[in-house]
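I have a structure here, written as structure tokens, and I will follow up with some questions on it.
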Amino acid sequence: MKRVQLLDCTLRDGGYLVDAQFGNTVIKGMIKGLADSGIDVVECGFLKDEPHVKGSTIFNNAAQLRSFLPEDRRQTSFVCLADYSRYTISNLEPFDGTSIDGVRACFFKKERYDVIDFCKDIAAKGYKLYVQPVDILGYTDAELLELIEMVNPIEPYAFSIVDTFGSMYKEDLRRVFYLINRNLNSASRIGFHSHNNLQMSFSLSQEFIDMTQGLRKIVIDATMGGMGRGAGNTNTELVMQYMNRKYNSGYDIDTVLDLIDNYIDGIRNSCSWGYSIPYFLAGSYSAHVNNISYLTAKAGISSRDINYLLNRIGGEARKRYDYDLLEKTYIEYMGAIRNDEKEVSALRNSLQGKDVVMLLPGHSIVSHKDQILDYCAEKKPVVISVNLLSHDYPINYVYFSNKKRYNYWKSASRFSEYKKIVTSNVTNIEEKNQMILDFTSLIKCGWDQLDNSGILLLRLLDKLEVASIAIAGFDGYSNDSTSVNYMHKEMEKTRNTTNADDANREVQSMLEDYMNTRQSDCPIHFLTPSRFEIPATDL
């Protein structure tokens, strides 16, 4: 039996684009043509708790597929995918050799414990069992090992690496493969199902074929023309060509090219798929393609806007599609866009060439108060406090980019007397002594902590051509119940709502990015102890 099997899933994964309505003639033509090409496995469609209708690749049982399969099966295996939450396995009759011979059990991580009996029933009925966990990158190593331990006694035909959101790079594929390979039943194949959001699909498929030599039999999923929702899938014809050239696999590519000419190109006239910037962003954030469809329907939305919105809604929300959350986030973001050229110019005129102290609300500004005041007396800098009012320091400007902090201090007795720099996500209301700046021009996507006030102020100061920056109170975070993160107890966040180590790593990463991309080269140093570091070469 071949070490590498090629599985074409056009009739299933491509079916999302046409609501599974290919038409009987197309279904039969594709299945027969793929078998004639020498392909190893054809996925013929879905098993679902829905009645089969003419021309559809949604089936309720195996018997409904018999009329679509060729008399001469050659060496091809025929399978269907059964989504655990959408199919009652008792509807599937025992395997009798007259229809499909395999079932691919698909399930979400939250269903992994419940799906085991479902998988056992598939195997007990005599079908080849393919285990297809959705979003393999969403599993921790421990969770993946636990899943493998649960399925090993069933001895599945294959266990697949499913890159649901098209977010994998080569190092991700290698890590997951070697983890599975070391722990999966030795008789089981390892499959690979990818999506082309990052233009990596074919490259990853080649990598998978080559790196598994001598280690494991494998199954590669692909679709003709890359047909699939969003950015699409690995192309069947590309993998065939690679296998023929490198491994003399003997696939008849001309037959597949005819299928693409006769069927796939016609489907392209009514729907589209393939790489695009929005789908690249979906892959970058492991986001469900329905989020992209929703956002790109917005008139005038830019790729930069989509980048921010996907970043902002958070990891778990991105993997599903919460349209209410998307709409809320979109409205808030669009309301924060503001032309601030006049304000930035005025600030530059005031601060250009001057020394600046950034006074953040970390507890170190209490423990090192004298050191800060001595520095201010000696250098006479412009002091900009961040989300903080305090009469203990000679504050020249108060900077707010956090709406909660702004509302907290708004009731302070001398709030109106301070000169305030406020970002537009906080308020767009013009008031005395209040300068409003465009929030969207200061953020940079790629981090969950993208709106960290200290980092945003550093980016603003980079535009203002200041002489030097001294930072006080940029302490970092701790979840230790005995530690104090802020100078005021009322400013403390609820413990453990954010992992302190992760937050610190993100802020350090943003700080390093700032140092590597800033336009000015003014000296920067910490006045008070901090968990963060500024590279010595940039001081």
Side-chain angles (χ1 to χ4, degrees), residues 7 9 12-13 16 43 46 81-87 104-116 118-119 129-151 156 158-181 183-184 190-201 204-205 207-208 218-223 228-234 278-294 310-311 313-322 325-326 448:
L7 182 152
C9 51
R12 199 271 307 170
D13 221 348
Y16 287 111
E43 188 174 52
F46 303 86
L81 182 137
D83 189 326
Y84 169 71
S85 61
R86 298 178 182 178
Y87 188 60
R104 309 225 289 174
C106 172
F107 55 95
F108 293 102
K109 187 171 79 168
K110 64 183 180 182
E111 300 168 332
R112 65 189 185 277
Y113 299 111
D114 299 325
V115 80
I116 298 302
F118 185 82
C119 292
L129 168 67
Y130 294 71
V131 178
Q132 303 283 125
V134 171
D135 183 24
I136 202 80
L137 290 183
Y139 284 76
T140 66
D141 287 357
E143 289 168 339
L144 189 53
L145 290 173
E146 179 188 42
L147 177 60
I148 293 169
E149 185 177 355
M150 289 190 292
V151 302
F159 183 101
S160 286
I161 299 170
V162 183
D163 183 18
T164 301
F165 301 110
S167 7
M168 272 191 168
Y169 288 97
K170 289 183 179 181
E171 59 268 25
D172 300 313
L173 180 60
R174 292 191 194 104
R175 177 184 64 82
V176 175
F177 168 74
Y178 288 120
L179 183 65
I180 297 173
N181 184 56
N183 295 279
L184 183 67
I190 296 179
F192 179 54
H193 182 96
S194 64
H195 295 99
N196 205 29
N197 297 65
L198 301 180
Q199 290 281 63
M200 291 291 293
S201 201
L204 289 174
S205 295
E207 179 77 10
F208 190 64
I218 62 170
V219 182
I220 297 281
D221 288 11
T223 62
R229 188 166 47 177
N233 299 58
T234 310
Y279 291 124
F280 146 65
L281 294 173
S284 297
Y285 287 109
S286 294
H288 196 288
V289 294
N290 285 10
N291 291 306
I292 299 301
S293 300
Y294 183 84
L310 290 178
N311 196 127
I313 62 175
E316 287 305 312
R318 289 192 292 263
K319 291 183 178 183
R320 55 184 192 275
Y321 38 99
D322 184 338
L325 176 62
L326 275 175
D448 289 340

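As a basis for the values below, the full set of heavy atoms in this structure was taken, side chains included, without hydrogen atoms, waters or symmetry mates.
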Please list, chain by chain and in numerical order, all residues satisfying side chain to side chain donor-acceptor pair (under 3.5 Å) with S293, sequence neighbours excluded.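 With neighbours one apart ignored, the set is empty.
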Fit a plane to each ring of Y321 and H288, take the angle between them on a 0 to 90° scale, and name the class: parallel (under 30°), tilted (30 to 60°) or perpendicular (over 60°).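 If you compare the ring of Y321 with that of H288, the planes turn out tilted.
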Check: C106 and Y84 side chains under 4.5 Å, non-hydrogen atoms: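 They are not in side-chain contact.
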Between CG on residue L204 and CD1 on residue I220, distance to nearest 0.5 Å: 9.5 Å
Rounded to the nearest 0.5 Å, what separates atom CG in L326 from atom CD1 in I313? 4.5 Å
Euclidean distance, H193 NE2 relative to N233 CG, rounded to 0.5 Å: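 Here the rounded value is 5.0 Å.
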Please report the closest heavy-atom contact between G283 and S167, naming both atoms and the distance. O-CB, 3.0 Å
Within a reach of under 6.0 Å around OH of Y294, are more than 12 heavy atoms found that belong to other residues, nucleotides or ligands? yes
With distance as the sole test, does N196 use its side chain to make a donor-acceptor pair with the main-chain N or O of S201 at under 3.5 Å?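 Yes; at least one donor-acceptor contact below 3.5 Å.
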If you round to the nearest 0.5 Å, how far is CG of L129 from CZ of F159? 10.5 Å
Does L145 offer a backbone N or O that forms a donor-acceptor pair with the side chain of N183 under 3.5 Å? no
If I compare all heavy atoms of D163 with all of S194, which pair ends up nearest, and what's the gap? CB-CA, 4.1 Å
Side-chain heavy atoms of L198 within contact of F280, under 4.5 Å: yes
With a 4.5 Å heavy-atom cut-off, do Y113 and M150 have their side chains touching?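 A side-chain contact under 4.5 Å exists here.
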If we only count heavy atoms from C-beta on, is the M168 to F192 side-chain gap below 4.5 Å? yes
Closest heavy-atom pair and its distance - L325, A317: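 Answer, listing the atom of L325 first, then A317: CD2-CB, 3.6 Å.
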According to ring pair (Phe, Tyr, Trp, His ring centres under 6.0 Å), who are the partners of Y285, at least two apart in sequence or on a separate chain?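 Result, ring pair (Phe, Tyr, Trp, His ring centres under 6.0 Å) vs Y285: none returned.
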Atom pair CG/CD of D83 and Q132 - distance to nearest 0.5 Å: 11.0 Å
Testing the basics here: between K319 and S286, what is the closest heavy-atom pair and its distance to 0.1 Å? CG-O, 3.5 Å
Partner set under ring pair (Phe, Tyr, Trp, His ring centres under 6.0 Å) for F165, not counting sequence neighbours: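 Applying ring pair (Phe, Tyr, Trp, His ring centres under 6.0 Å) to F165 gives none.
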Is it the case that the side chain of K109 and the backbone of G138 share a donor-acceptor pair, with hydrogens and angles ignored and the cut-off at 3.5 Å? yes
Any residue meeting side chain to side chain contact (heavy atoms under 4.5 Å, CB included) with F177, in chain and number order, not counting sequence neighbours: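 Here the qualifying residues are I161, N181, I190, F208, M211, T212, L215, R216.
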D221: partners by salt bridge (Lys or Arg N to Asp or Glu O under 4.0 Å), with sequence neighbours left out: R104
Look only at the side chain of T164 and the backbone of D135, and say whether a donor-acceptor pair between them is shorter than 3.5 Å.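 Checking the backbone N and O of D135 against the side chain of T164, a donor-acceptor pair under 3.5 Å is found.
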Considering residues at least two apart in sequence or located in another chain, which fulfil the salt bridge (Lys or Arg N to Asp or Glu O under 4.0 Å) criterion with E146?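 Checked E146 against salt bridge (Lys or Arg N to Asp or Glu O under 4.0 Å); matches are R112.
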Determine whether E111 and V134 satisfy the following criterion, side chain to side chain contact (heavy atoms under 4.5 Å, CB included), listing intermediate values before the conclusion. CA-CA 10 Å; E111 300 168 332; V134 171; over 6 Å; no
NE2/H195 to CZ/R229 distance, rounded to the nearest 0.5 angstrom?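 These two atoms lie 7.5 Å from each other.
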Provide the closest heavy-atom pair for V131 versus C119 in the form atom of the first, atom of the second, distance. CG2-SG, 4.5 Å
Any idea which heavy atoms bring V289 and G230 closest together, and the distance? CG1-CA, 4.4 Å
